[in-house]
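Sequence lines set the chain letters: A, B, ... in the order given, protein chains first and strands last, and positions in each chain run from 1.
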Protein chains: 2
Amino acid sequence: MSDLLERLRARGWRMTSQRRVVAEVLAGDHVHLTADEVHARAVAHLPEIARATVYNTLGELVALGEVVELSTDGRAKRYDPNAHHPHQHLVCSNCGIIRDVHPTGDPLGALPPAERFGFTVATADVTYRGLCPSCA
Amino acid sequence: MSDLLERLRARGWRMTSQRRVVAEVLAGDHVHLTADEVHARAVAHLPEIARATVYNTLGELVALGEVVELSTDGRAKRYDPNAHHPHQHLVCSNCGIIRDVHPTGDPLGALPPAERFGFTVATADVTYRGLCPSCA
DNA sequence: TTTGTTGCAAATCATTTGCACGTAG
DNA sequence: CTACGTGCAAATGATTTGCAACAAA
């Protein structure tokens, strides 16, 4: 369960102070920050980091497959560093908080061949929605 | 299987020419247009309809629960008029085409209580991804 | 009439890009 | 040294909003 930063170094990713800070901000489970939130936290450790650099860096991490991009809510995309551990998401319809969840069984199995329209189906992203304990 | 327009009239939705045109554009299965595409098609029937009106109207249809908003692709949201018929989506990772699909079983059942973090889970949205026949 | 809807343009928000400067390898 | 990353500001794309004119019930 090596962390994001280690994995990036191992891949020979060119390291800079801003890239390191972005990778440090994105650490742990149940972390689903927007680009702006990542920027805000990064600034606390590296005041001169630019918003555009955060966007570029996040885009690169997504391209590398080290971070997953979520469109779960209406506005800004969120970034999930837990890419090495397959999981789905549970979102509160009221406050928007997101938890990582692990459903049983293979979601792909629920889609019969007749319902595949000739597609080669590769993945299934599931978003569960409901009310969290605080909002219920 | 009454159509969208009928259901809206039945609900006593205040009808205007632009609302009617928007509702007419959103008809049928496997329809997943962006707000801009809806506007483009609406203009063909009612040249003076404003883009803002299309956005407002779509937002209202979503609030009424008569249309579902999809964030499946990176950029613009798409609108699915098939709200009365529960279904999931199959998206081509290459060209972005979307098909409505009906998986077997109840997706909610796959989430065990221990994985619900105290949430009251209401729905499960599934997005299958893969390559369509043309892109494979 | 009366209340809710529309059109227009300007405002906002999220994200991207162009370019000169800076720095990791 | 030299390719690649960064900061800044301006550009873009999607969507929302303010407000006066307008039309459905």
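Which of C:dT6, C:dT5, D:dA14 sits closest to the side chain of B:T57 comes down to C:dT6. When each of D:dG5, C:dT15, C:dA14 is scored by its nearest atom to the side-chain atoms of A:R75, the top-ranked nucleotide is C:dA14. Side-chain atoms of A:T53 lie closest to D:dG7 of the nucleotides C:dT17, D:dG7, D:dT15.
Distance, B:Y55 OH to D:dT15 P: 4 Å, rounded to whole Å. B:H39 places its NE2 atom 8 Å from the P atom of C:dG7, with the value rounded to the nearest Å. Look at CG on A:L8: it is 13 Å from P on D:dG5, rounded to the nearest Å. Between the P atom of D:dG7 and the CG atom of A:N56 lies a distance of 10 Å, rounded to the nearest Å. As rounded to whole Å, 12 Å separates atom P of D:dT6 from atom CZ of A:R20. A:E69 has its CD atom 8 Å from the P atom of C:dT16, to the nearest Å. Computed from coordinates, the A:K77 NZ to D:dA14 P distance equals 12 Å when rounded to whole Å. The interatomic distance linking B:R19 (CZ) with C:dG4 (P) rounds to 11 Å, in whole Å.
More than 12 heavy atoms of other residues, nucleotides or ligands shown are found within 6.0 angstrom of NE2 on A:H102.
Side-chain contact of B:H87 with B:D29: a donor-acceptor pair under 3.5 Å is absent, judged by distance alone.
Annotation: the span from A:R9 atom CZ to A:L4 atom CG amounts to 10.5 Å, rounded to 0.5 Å.
Taking every heavy atom of both residues into account, A:Q18 and A:L46 meet most closely at CA-CD2, 3.6 Å.
Considering only side-chain N and O atoms, B:Q18 lies under 4.0 angstrom from the phosphate OP1 or OP2 of C:dG7.
Residues A:R20 and A:E24 are paired through a salt bridge, judged by an N-O separation under 4.0 Å between the basic side chain and the carboxylate.
Side-chain atoms of A:R51 do not come within 3.5 Å of backbone N or O of A:H39 as any donor-acceptor pair. A donor-acceptor contact shorter than 3.5 Å links the side chain of A:Q88 to the backbone of A:A124.
Residues of residues 9-16 of chain B that place a heavy atom closer than 4.0 Å to DNA chain C, in numerical order, are B:R14, B:T16.
Across all strands shown, A:A76 has heavy atoms under 4.0 Å from sugar-phosphate atoms exclusively, and none from any base. In this structure, B:D36 reaches neither bases nor backbone, as no heavy-atom distance under 4.0 Å exists between it and the strands shown.
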